[in-house]
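Both ligands and their constituent atoms are indexed starting at 1 by order of listing. Only this structure's heavy atoms are used, side chains among them; waters, hydrogens and symmetry mates stay out.
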Amino acid sequence: MKVDVLLGLQWGDEGKGKVVDVLTPHYEVVARFQGGPNAGHTLEFEGKKYVLKSIPSGIFQEGKINIIGNGVVIDPALFKQEVEGLEAAGHILTDRLFISKKAHLILPTHRLLDAASERSMGDAMIGTTGRGIGPAYTDKIARHGLRVGDLFHNFEEKYRNAVLRHKEMLDHYQFEYDLTSLEKQWFEGIEKMKQFTIIDSEHFINKHLASGGSVLAEGAQGAMLDIDFGSYPFVTSSNTICAGACSGMGIAPGKIGEVYGIFKAYCTRVGSGPFPTELFDADGQLLRDKGNEYGSVTGRPRRCGWIDLVALRYTIMLNGVTRLVMMKSDVLDTFETIKACVAYKVNGEETEDLPYDISEGIEPVYVELPGWQVDMSKMQSEDEFPEEFNSYLTFLETELGVPVAIVSLGPDRAQTIIR
Ligand code: GDP
Ligand code: IMO
Ligand code: MG
């Protein structure tokens, strides 16, 4: 069997957690392949709401193995908090959550370095989640990182050496800090992690595939935050695109099956960086209010705007998307008119290709479509879809060249229509 991949096509928070949970019954294994606790994946079912950060979103479906893959960066202190939150809600994970030996650890000093770096940039700050993601991946690439597999060999010494190096950097930033309580929580987190099965995940996943098993790979962030192809430097520090699933799990490109590309029926972004279709008017505020667009991890208000088909065509191309998943169309229910950006005007010339630099001089070219103005949140089948909604779907499928396979009409697991 192959690995199906589900990933975000915009700037994150598209609703990946919800859809991974919905799709999990079709797979035996769910795996995260990049990012870390900068992610906040929300799931709602049976009147309960959970926000997962490092743990894959397949964890609530019975009898499934969930893997934190080698491409992920893990903060043991936050991991412990997350696990204990789920344990308190009656979910015991030790028999079904496995961790890759090759996943890198986020040290407490990585978090401090993230804060110090952001502060040093002033107005040019990236607006990171403050979880130490950039510094942890920097150490990985610089070949200074600590991995989960190191827990069992001279770990204290390796940790101390890393912290010494980080302290020099923090002094350079003239950043003041108190490491004592952070370190205490971190080492308690390490002990918690040791209760889990730590595996050679690349062997596990490939053997599972070879024996006919199926795997769903869960992306974090979104393609417009990809380190290579996103709106650099306002991006995250990993490859969020489909290629990241190969390197972040240890699977060959030919093992990729379906690629689910997930997007909101409009567009949002948190943190700094360009956003060509951003709205600063009442429509933007309505999207924020109706869509409850506040960060699941940091609580920051999300910037809102119209759907950007130039950016979507680009990310569909980069990811080889075979099925689209449209989220939060219910948020558009009250709009009389819906806009979609079909091209950019750059220096007076229209283009449908995403330019190298989208930070300045981009004028979105919009088409207007009639809204459906019907509450869709309780609809159970596509037979109930209003005519205007069907026209919107057909318009998107024609513009993007990929079928919309799933439509989400609300945050709950049950508010999902598979076409
Ligand atoms: P993720 O990071 O991609 O998993 O997405 P987040 O969980 O950060 O953000 C998506 C938000 O939208 C969460 O609060 C979800 O509960 C909510 N959500 C997901 N799908 C829908 C939907 O179809 N309609 C509405 N109104 N909310 C949704
Ligand atoms: P999920 O998986 C939305 C953004 C941050 C910042 C930039 C870099 O829930 O979709 P980082 O902490 O990664 O160094 O921050 O990336 N960002 C996200 N935005 N959803 C996320 O994850 C994000 N993870 C990081 O806001 O702009
Ligand atoms: Mg999120």
For ligand 1, is any non-hydrogen atom under 4.0 Å from [X]'s backbone (N, CA, C, O), its side chain (CB onward), both, or neither?
X	value
Val51	neither
Asp330	side chain
Lys49	neither
Lys18	side chain

Task: Heavy atom of the protein closest to atom 10 (C) of ligand 1 (residue, atom name, distance) - done: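 So the nearest neighbour among protein heavy atoms is Asp13 O, 3.7 Å.
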Task: Salt bridge flag under 4.0 Å for residues Glu14 and Arg302 - done: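 So Glu14 does not pair with Arg302 through a salt bridge.
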TODO: May I ask you to decide whether Lys328 forms a salt bridge with Glu293, counting only side-chain N to carboxylate O separations under 4.0 Å?
DONE: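 Here Lys328 pairs with Glu293 in a salt bridge, since their nearest N and O are under 4.0 Å apart.
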Would you mind running through ligand 1 and noting each atom that sits below 4.0 Å from a heavy atom of [X]?
X	value
Glu44	16 (O)
Met327	20 (N)
Ser408	20 (N), 21 (C), 22 (C), 23 (O)

Is there a heavy atom in [X] that sits closer than 4.0 Å to ligand 1?
X	value
Ala39	no
Leu409	yes
Gly291	no
Arg302	yes

Can you find a non-hydrogen atom of [X] under 4.0 Å from ligand 2?
X	value
Phe234	no
Gly127	yes
Arg269	no

Task: Winner among Val73, Asn38, Leu225, Val51 once heavy atoms are compared against atom 17 (N) of ligand 2 - done: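 Nearest option to atom 17 (N) of ligand 2, by heavy atoms: Leu225.
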Open item on the list: If we only look closer than 2.8 Å, how many protein N, O or S atoms does the Mg ion (ligand 3) have near it?
Closed with: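 If we list every protein N, O or S atom nearer than 2.8 Å to the Mg ion (ligand 3), we get 2.
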Open item on the list: Any nitrogen or oxygen of Gly17, side chain or backbone, less than 3.5 Å from one on ligand 1?
Closed with: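 Min N/O separation from ligand 1 is below 3.5 Å for Gly17.
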TODO: Flag Gly12 as yes when one of its N or O atoms lies below 3.5 Å from any N or O atom of ligand 1, and as no otherwise.
DONE: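 Among all N and O atoms of Gly12, none is under 3.5 Å from an N or O of ligand 1.
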